[in-house]
Amino acid sequence: MEKIKQGLVKRGVKSFLLNGGGNVVGVGKRLIASDQADYKACKSHYCIGIASPKDGNYASTKSDYEAVLVADNKAVVTSGDYERYFMDAQGNRYCHLIDPRTGYPARYMRSVTVITKDSGLADYLSSALFLMNYEDGKKFIAELDDVEAIWLLSDGHIVTSEGIKNKDFYVFEKERMYN
């Protein structure tokens with residue numbers, strides 16, 4: 001995604017949104033207003049939703065999204081256990097992200113979304129953070145410049161990195177979104 005973004009920018013494209021399924025990149029801001037946007041800001045900005053797992057502690061969600069954020073000029077990449085997985089003959093579910101310490105799928109959270117300018121970095125970090133517990137991930141993100149994260153924890157809590165409220169993007173908080 002980052003290479004595609006760089007190629008479009010190099011060719012003079014000033015505003016676009018790329019969606020690579022869990023890896024979304026926005027450059028510029030929306031040029032054509034949307035009258036169908038659910039949120040006022042989404043009429044003139046690129047809005048990106050963080051999909052709900054729709055099961056476990058997220059089964060009662062009324063929306064397809066747990067959070068929606070405006071992220072003009074940002075990459076938003078999510079790693080989770082509810083899009084890419086397989087089921088064994090006994091009905092056990094295994095996500096595609098394997099914890100190298102155990103050799104089994106990671107089970108620290110449902111998903112983690114990373115927001116930064118570089119899509120490649122965001123992709124790497126979302127996978128790395130998914131393989132860490134939330135506390136270690138939050139400390140790790142706090143040490144990085146211009147990188148923020150949103151975690152959907154297994155217990156239904158949705159938490160954000162500390163700096164997310166102070167950046168040039170913002171999150172539309174759903175009724176279940178809290179730190």
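- Using a 4.5 Å cut-off on side-chain heavy atoms (C-beta onward), Leu129 and Ser79 make no contact.
- In this structure, OG in Ser126 is found 9.5 Å from CG in Leu121, a value given to the nearest 0.5 Å.
- Side-chain atoms of Ser127 do not come within 3.5 Å of backbone N or O of Tyr124 as any donor-acceptor pair.
- No chain of hydrophobic side-chain contacts below 4.5 Å, direct or via other Ile, Leu, Val, Met, Phe, Trp or Tyr residues, connects Ile48 to Val25.
- Separating the CG atom in Asp81 from the CZ atom in Phe130 is a distance of 4.5 Å, to the nearest 0.5 Å.
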Verdict with reasoning, Leu131 to Leu97, per side chain to side chain contact (heavy atoms under 4.5 Å, CB included): CA-CA 7 Å; Leu131 299 174; Leu97 294 164; 4.2 Å; yes

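- In this structure, the side chain of Arg30 does not engage the main chain of Asp72 through any donor-acceptor pair within 3.5 Å.
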Test side chain to side chain contact (heavy atoms under 4.5 Å, CB included) applied to Ser154 and Tyr108, step by step: CA-CA 7 Å; Ser154 296; Tyr108 296 109; over 6 Å; no

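- If you chain together hydrophobic residues whose side chains sit under 4.5 Å apart, Leu17 and Ile4 never meet in one group.
- Taking the side-chain hydrogen bond (donor to acceptor under 3.5 Å, both in side chains) definition, one finds that Ser15 meets it with Tyr46, sequence neighbours left out.
- Here the CD1-CE distance, from Ile141 to Met132, works out to 8.0 Å after rounding to the nearest 0.5 Å.
- Considering only residues two or more places apart in sequence or on other chains, Arg11 meets the side-chain contact (heavy atoms from CB on, under 4.5 Å) condition with none of them.
- A side-chain contact (heavy atoms from CB on, under 4.5 Å) with Val76 is found for one member of Thr116, Leu69, Ile150 and no other, namely Leu69.
- Looking only at distances, a side-chain donor or acceptor of Asn73 sits under 3.5 Å from a matching main-chain atom of Gly28.
- Scanning both residues, Ile164 and Ala149, for their nearest heavy atoms gives CD1-O, 4.0 Å.
- Side chains of Val27 and Leu8 form no contact here, defined as non-hydrogen atoms less than 4.5 Å apart.
- Cluster membership for Met109 and Val159, using ILVMFWY side-chain heavy atoms within less than 4.5 angstrom, is shared.
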Stepwise salt bridge (Lys or Arg N to Asp or Glu O under 4.0 Å) test for Lys138 and Glu135: CA-CA 5 Å; Lys138 191 169 183 176; Glu135 293 79 15; over 6 Å; no

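- Residues meeting the salt bridge (Lys or Arg N to Asp or Glu O under 4.0 Å) test with Arg107, sequence neighbours left out: none.
- Using modelled atom types, one side-chain atom of Glu2 and one backbone atom of Ser119 make a donor-acceptor pair closer than 3.5 Å.
- Atom CG of Leu153 and atom CZ of Arg110 lie 11.0 Å apart (nearest 0.5 Å).
- Ring geometry for Tyr94 against Phe86 counts as parallel: the plane angle stays under 30°, on a 0 to 90° scale with 60° as the upper cut.
- In the hydrophobic cluster analysis, where Ile, Leu, Val, Met, Phe, Trp and Tyr join through side-chain heavy atoms closer than 4.5 angstrom, Leu18 is grouped apart from Val68.
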Test side chain to side chain contact (heavy atoms under 4.5 Å, CB included) applied to Lys117 and Asp146, step by step: CA-CA 8 Å; Lys117 291 188 178 198; Asp146 297 321; 5.7 Å; no

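- Ala75 and Asp118 make their closest contact through CB-C, 4.0 Å (heavy atoms, listed as atom of the first residue, atom of the second, distance).
- Residue Arg93 holds its CZ atom at 8.5 Å from SG of Cys95, rounded to the nearest 0.5 Å.
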Val77 vs Leu125, side chain to side chain contact (heavy atoms under 4.5 Å, CB included): CA-CA, chis, key distance, verdict: CA-CA 9 Å; Val77 179; Leu125 289 173; over 6 Å; no

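- Listed for the Tyr82 side chain is no donor-acceptor partner under 3.5 Å among the backbone atoms of Ser111.
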